[in-house]
Each structure stands twice: as C-alpha cells, then as structure tokens.
Amino acid sequence: MSLETVRAFFAKNAPDITVIESDKSSATVALAAEAYGVTPAEIAKTLSLRVGDRVLLVVTCGTARLDNKKARAVFGGKPRMLSAEEALDATGHPVGGICPFGLKTPLPVYCDISLKAFSEVVPAAGSINSAVRISPARMAELTGAEWIDVSEIREQSEVA
C-alpha cells in the first residue's frame with residue numbers, strides 16, 4: 001500500500017507531480033538510474049537511520065556515502081542504518097522504495113547538500129519500481145526537510 005500513500009501525498013500536497021512506474025526494478029541506485037534514464041548521482045536515495053532512540057530519514061544524491069563523523073556532529077550521536085524490517089515499520093515503505101513522502105508516521109527528514117548540485121532528482125516513490133522527478137528544493141519544502149552536510153561523494157566507478 002505504500003505506493004498508494006505516496007500517490008495520496010502528492011495528490012494532496014503537489015498534484016502537479018506524477019508518480020512514475022517502471023516495468024524494471026529501481027530498488028538500487030544503479031537500477032533506478034537505468035530505469036529512469038539518469039545518472040546514478042541524480043537518484044535521490046533515502047537512508048533510514050537511528051540515532052539513539054530517534055529514527056530519521058536522510059536524502060542524499062545517489063553517489064554519496066554517509067560520512068559518520070559529519071553525521072555524528074550533526075545528529076549528536078552515531079547513526080545506525082535501520083534493518084529492512086525496522087525501515088518498513090517506521091516508514092511504511094519497503095527497502096528500495098523508501099522515500100520521504102507518504103510516510104506511515106511522521107519522521108524528521110533531512111536533505112543532504114549533495115542534492116543541490118542538480119536541478120532535478122529522482123527519489124523512489126514507495127515501491128521498488130516507482131519514482132518521481134522533483135527539484136531538490138521542492139522535495140525539501142514538501143517534506144519539511146532541513147538541509148545538512150553529512151555525506152561524502154564517491155566516484156562513479158565506486159557506485160554499485
């Protein structure tokens with residue numbers, strides 16, 4: 001039902017944005033880039049993290065890696081990736097479809113400055129074969145995200 005919650009989110013908050021469905025899986029950055037005809041960096045990947053007893057989402061460009069030192073400084077503790085089950089429980093979205101839209105429960109959303117390099121990014125939309133095309137600024141606005149710097153950019157050859 002997660003794809004439906006994302007569609008409902010956009011119908012209510014941004015009816016001009018359409019959820020795109022692919023007949024190919026877009027569950028990884030590489031697959032999503034291929035499915036939607038963009039570079040891996042243009043995929044907006046959503047990381048579901050726990051810092052202490054807080055669960056939060058960080059959206060970064062597809063070729064970014066979380067910098068633990070920066071993240072500890074920003075969040076005041078060591079971030080830990082949620083398990084697939086924990087992420088589904090917290091967001092209502094399966095791994096590969098996790099996004100900051102149409103969440104099961106309200107969560108703090110953060111957008112990494114790595115996204116600002118692009119006029120448009122492609123985040124997942126609640127399933128492993130759906131996405132949207134959106135400007136990073138609009139995504140941050142719609143989700144109430146705070147802009148932060150918690151990543152390091154990897155070379156294209158390092159992205160799997």
Side-chain angles (χ1 to χ4, degrees), residues 2-49 55-67 70-71 74-75 79 81-82 87-88 90-104 106-160:
S2 154
L3 175 58
E4 281 69 37
T5 64
V6 173
R7 284 184 203 264
F9 173 89
F10 284 111
K12 178 181 178 186
N13 299 294
D16 57 306
I17 296 177
T18 304
V19 173
I20 310 159
E21 288 187 83
S22 172
D23 56 356
K24 299 177 185 175
S25 171
S26 53
T28 67
V29 169
L31 289 172
E34 184 178 319
Y36 299 110
V38 297
T39 67
E42 292 170 288
I43 298 301
K45 66 180 176 184
T46 303
L47 306 174
S48 47
L49 305 172
V55 172
L56 53 96
L57 301 179
V58 176
V59 187
T60 70
C61 89
T63 54
R65 175 181 293 169
L66 193 67
D67 181 309
K70 287 181 182 180
V74 169
F75 299 126
M81 293 289 288
L82 297 182
L88 177 61
T91 66
H93 305 319
V95 170
I98 296 174
C99 62
F101 318 111
L103 298 170
K104 178 179 170 182
L107 294 171
V109 177
Y110 298 88
C111 285
D112 185 75
I113 62 170
S114 61
L115 295 167
K116 290 187 174 188
F118 307 99
S119 59
E120 183 178 81
V121 292
V122 182
S127 73
I128 62 164
N129 66 330
S130 63
V132 295
R133 295 179 183 272
I134 190 169
S135 76
R138 183 109 186 261
M139 179 170 53
E141 176 189 326
L142 286 171
T143 61
E146 179 182 332
W147 286 100
I148 57 173
D149 178 7
V150 292
S151 71
E152 61 181 75
I153 305 300
R154 296 183 288 173
E155 295 299 316
Q156 291 284 91
S157 59
E158 295 180 79
V159 178

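Residue indices begin at 1 and follow the sequence shown.
- When all heavy atoms are compared, the tightest approach of Ser48 to Ile98 is OG-CD1, 4.0 Å.
- Contact annotation: the side chain of Lys24 never approaches that of Leu31 to less than 4.5 Å [non-hydrogen atoms, C-beta and beyond].
- Side chains of Val150 and Leu66 form a contact here, defined as non-hydrogen atoms less than 4.5 Å apart.
- Here Met139 contributes atom CE and Glu120 contributes atom CD; the two are 11.0 Å apart, rounded to the nearest 0.5 Å.
- With a 4.5 Å cut-off on side-chain heavy atoms, Ser151 and Asp67 do not count as touching.
- A side-chain donor-acceptor contact under 3.5 Å links Thr5 to the backbone of Gly102.
- Residues Val58 and Thr46 form no side-chain contact, since every pair of their non-hydrogen atoms from C-beta on lies 4.5 Å or further apart.
- Taking SG from Cys111 and CD1 from Ile148, the interatomic distance works out to 8.5 Å, rounded to the nearest 0.5 Å.
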Next item on the list: Applying side chain to side chain contact (heavy atoms under 4.5 Å, CB included), run through Glu42 and Tyr36 and close with a yes or a no.
Entry: CA-CA 10 Å; Glu42 292 170 288; Tyr36 299 110; over 6 Å; no
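- One finds the NZ atom of Lys45 at 7.5 Å from the SG atom of Cys61 (value rounded to the nearest 0.5 Å).
- Among all heavy-atom pairs drawn from Leu57 and Pro100, the shortest one is CD1-CA, 4.1 Å.
- With contacts defined as side-chain heavy-atom distances shorter than 4.5 Å, the pair Asp16/Arg138 qualifies.
- Residues Pro94 and Ser2 share a closest heavy-atom pair of CD-OG, 3.9 Å.
- At a threshold of 4.5 Å between non-hydrogen side-chain atoms, the residues Leu82 and Thr91 do not count as touching.
- Rounding to the nearest 0.5 angstrom, the gap separating the OG1 atom in Thr63 from the CD atom in Glu152 is 11.0 Å.
- Thr18 contributes atom OG1, which lies 9.5 Å from atom CZ of Arg7 (distance to the nearest 0.5 angstrom).
- Side-chain contact between Val6 and His93: present, with at least one pair of heavy atoms (C-beta onward) separated by less than 4.5 Å.
- Between Leu56 and Leu49, the closest side-chain pair of non-hydrogen atoms falls below 4.5 Å.
- Shown here for Phe10 and Val132, the closest heavy-atom pair between the two residues is CE1-CG1, 3.7 Å.
- Between Phe9 and Phe101, the ring planes are tilted. Angles from 30° to 60° get that label.
- The NZ atom of Lys104 lies 7.0 Å from the CG atom of Leu88; values are rounded to the nearest 0.5 Å.
- Contact detail for Pro136 and Leu115: the closest heavy-atom pair is CG-O, 3.2 Å.
- Here the closest heavy-atom approach between residue Asn13 and residue Pro15 is recorded as C-CD, 3.8 Å.
- Checking side-chain atoms of Asn129 against main-chain N and O of Ser22 turns up a donor-acceptor pair under 3.5 Å.
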Item checked: Chi angles and distances behind the side chain to side chain contact (heavy atoms under 4.5 Å, CB included) call for Leu142, Ile134 -> CA-CA 10 Å; Leu142 286 171; Ile134 190 169; 3.9 Å; yes
